[in-house]
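Note that the numbering runs from 1 along the sequence shown for the chain. None of the values given here were measured: they were computed from a predicted structure. Note that ligands are numbered from 1 as they come in the structure, with each ligand's atoms numbered from 1 the same way.
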Amino acid sequence: MLKIINICGARPNFMKIAPLMRAYRANDDIAPILVHTGQHYDPNMSDLFFRQLGIPEPDINLGVGSASHAVQTAEIMRRFEPVIAEHQPDWVVVVGDVNSTIACGLVAKKLGVRLAHVEAGLRSFDRTMPEEINRLLTDAISDLLLVSEPSGLENLKREGTPDEKVHFVGNVMIDTLRANLSKAEQSTVLVDLGLEPGGYNVITLHRPSNVDDAEIFGRIVDALEVIQQDLPVVFPMHPRTLHNLSKLGLAERLEGLPRLRIVEPMGYLDFLRLMSKAAVVLTDSGGMQEETTILGVWCLTIRENTERPITLTEGTNTLVGTDPERMVSEYRRCRSTPLTDPPVPEKWDGRAAERIAAVLAENALLQA
Ligand code: UD1
């Protein structure tokens with residue numbers, strides 16, 4: 001029996017863990033243990049996703065909550081170490097690029113446990129981004145690097161990662177999207193918000209680089225002021241963004257835009273439905289760049305770089321930075337260009353988790 005401890009902590013991890021837990025269930029030789037670090041803890045940032053995605057209750061919840069990067073990372077490590085000692089797993093599997101990913105990866109390796117990283121090799125080449133540090137460090141210590149798109153293979157090769165550690169398995173986030181598309185069609189979110197399919201835009205923002213700085217956040221609001229004159233904008237707001245809005249003195253301006261509607265963070269199914277029928281999605285999220293590519297919806301990414309370049313070359317994504325004129329002109333281009341179905345990136349076929357379970361089983365005896 002292969003004992004695998006799986007780590008999740010923050011919202012984007014839950015969509016990646018769900019198909020893995022399902023794939024393990026289909027494999028009699030795998031005994032999974034699910035650990036939630038508690039990095040995200042609000043009911044609509046966490047519990048709702050477990051319910052909607054059919055993720056089993058975590059076996060262990062470390063309950064760390066919010067803190068500075070150092071304190072959060074250290075606290076996860078401190079609380080995770082005894083879990084490894086108690087369960088003696090064959091593998092620890094970490095996903096994505098959040099603080100929980102690197103914290104648990106470090107603990108596993110220091111205790112001599114094999115580490116697998118799902119979504120390995122992605123690089124924004126922007127080391128001011130906390131996630132880029134988490135990606136680089138996690139990949140550097142992983143025994144298996146499970147890659148979602150070809151750029152990941154190139155990056156790992158350039159960094160000197162031995163080929164035998166690297167496996168191109170596809171995109172687990174897209175496994176979840178494909179498994180839930182028809183369920184999302186039952187969502188009443190459009191009716192509830194009084195929206196017509198194709199008749200609105202969606203924005204999400206949470207990156208510190210965008211929402212911790214009054215001038216930059218202000219520039220995004222400048223662009224939104226123009227964009228909402230064309231079509232209503234729905235803004236499901238991340239807790240970090242909500243905290244900062246009043247702190248930075250922008251609440252009154254944003255709330256004063258007549259066709260912009262701030263709503264609570266949504267569950268997976270409502271949000272998938274909302275994204276799938278939007279005219280244009282504006283975001284600084286990583287996962288949404290991938291999801292809009294598969295949904296065939298225009299995506300404008302409010303960043304200067306992306307670690308997911310396949311969404312630019314094969315998908316529907318454009319980098320627009322934070323210059324309001326560029327944001328608005330790219331928005332107008334999207335609005336006036338009919339979108340034909342983009343090609344589907346290789347192995348974004350809904351079966352990435354199955355491939356990962358197979359790779360883990362095949363490498364059961366790999367030297368840690
Ligand atoms: C984290 C990830 C980011 C990911 C994002 C998705 C890191 C470094 N960043 O960023 O990669 O894209 O999750 O959401 O791990 N808060 C709540 N309730 C919650 C969670 C957070 O109120 O359930 C508030 C807290 O005030 C906290 C702030 O949001 O200080 C930021 O949360 P944190 O988990 O530190 O980082 P995110 O910005 O969510």
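The side chain to side chain contact (heavy atoms under 4.5 Å, CB included) search around Thr318 returns Leu300, Val320, Glu330, Arg333, not counting sequence neighbours.
Of all the listed residues (Met288, His206, Arg135), His206 holds the heavy atom that lies closest to atom 5 (C) of ligand 1. The residue among Pro12, Pro239, Pro43 with a heavy atom at the shortest distance from atom 24 (C) of ligand 1 is Pro239.
Protein heavy atom nearest atom 28 (C) of ligand 1, with residue, atom name and distance: Arg240 CB, 4.1 Å. Taking atom 25 (C) of ligand 1 as the reference point, the nearest protein heavy-atom neighbour is Ser66 OG, 3.2 Å. What sits closest to atom 26 (O) of ligand 1 on the protein, heavy atoms only, is His243 CE1, 3.1 Å. In this structure, the protein non-hydrogen atom closest to atom 9 (N) of ligand 1 is Glu131 OE2, 3.4 Å. Nearest non-hydrogen protein atom to atom 16 (N) of ligand 1 is Tyr41 OH, 3.5 Å. Ranking protein heavy atoms by distance to atom 2 (C) of ligand 1, first place goes to Val98 CG1, 3.6 Å. Residue, atom and distance of the protein heavy atom nearest to atom 8 (C) of ligand 1 are Asn99 OD1, 3.3 Å. The protein non-hydrogen atom at the shortest distance from atom 20 (C) of ligand 1 is His40 CD2, 3.2 Å.
Heavy-atom contacts of His69 reach the following atoms of ligand 1: 8 (C) (cutoff under 4.0 Å). Close approach of ligand 1 to Met45 (heavy-atom distance below 4.0 Å) involves ligand atoms 23 (O).
Classification of the Phe49-Tyr268 ring pair by plane angle, with boundaries at 30° and 60°, yields perpendicular. The aromatic rings of His40 and His238 lie perpendicular to each other, with more than 60° between the two planes, well past the 30° mark.
A salt bridge is defined here as a Lys NZ or Arg NE, NH1 or NH2 lying under 4.0 Å from an Asp or Glu carboxylate O, and Lys157 with Glu154 fails to meet this definition. A salt bridge between Glu149 and Lys347 is absent, with no side-chain N of the basic residue lying under 4.0 Å from a carboxylate O of the acidic one.
The distance criterion of under 3.5 Å between nitrogen or oxygen atoms is met by His238 with respect to ligand 1.
Residue pairs meeting the salt bridge (Lys or Arg N to Asp or Glu O under 4.0 Å) criterion with at least one member in residues 227-238, sequence neighbours excluded: Asp230-Arg335.
The local environment of NZ in Lys110 is sparse, with at most 12 non-hydrogen atoms from other residues, nucleotides or ligands closer than 6.0 Å. Enclosure of atom CD in Glu325 is not indicated, since only 12 or fewer non-hydrogen atoms of other residues, nucleotides or ligands lie within 6.0 angstrom.
Just one of Val202, Leu257, Leu260 meets the side-chain contact (heavy atoms from CB on, under 4.5 Å) condition when paired with Val233; it is Leu260.
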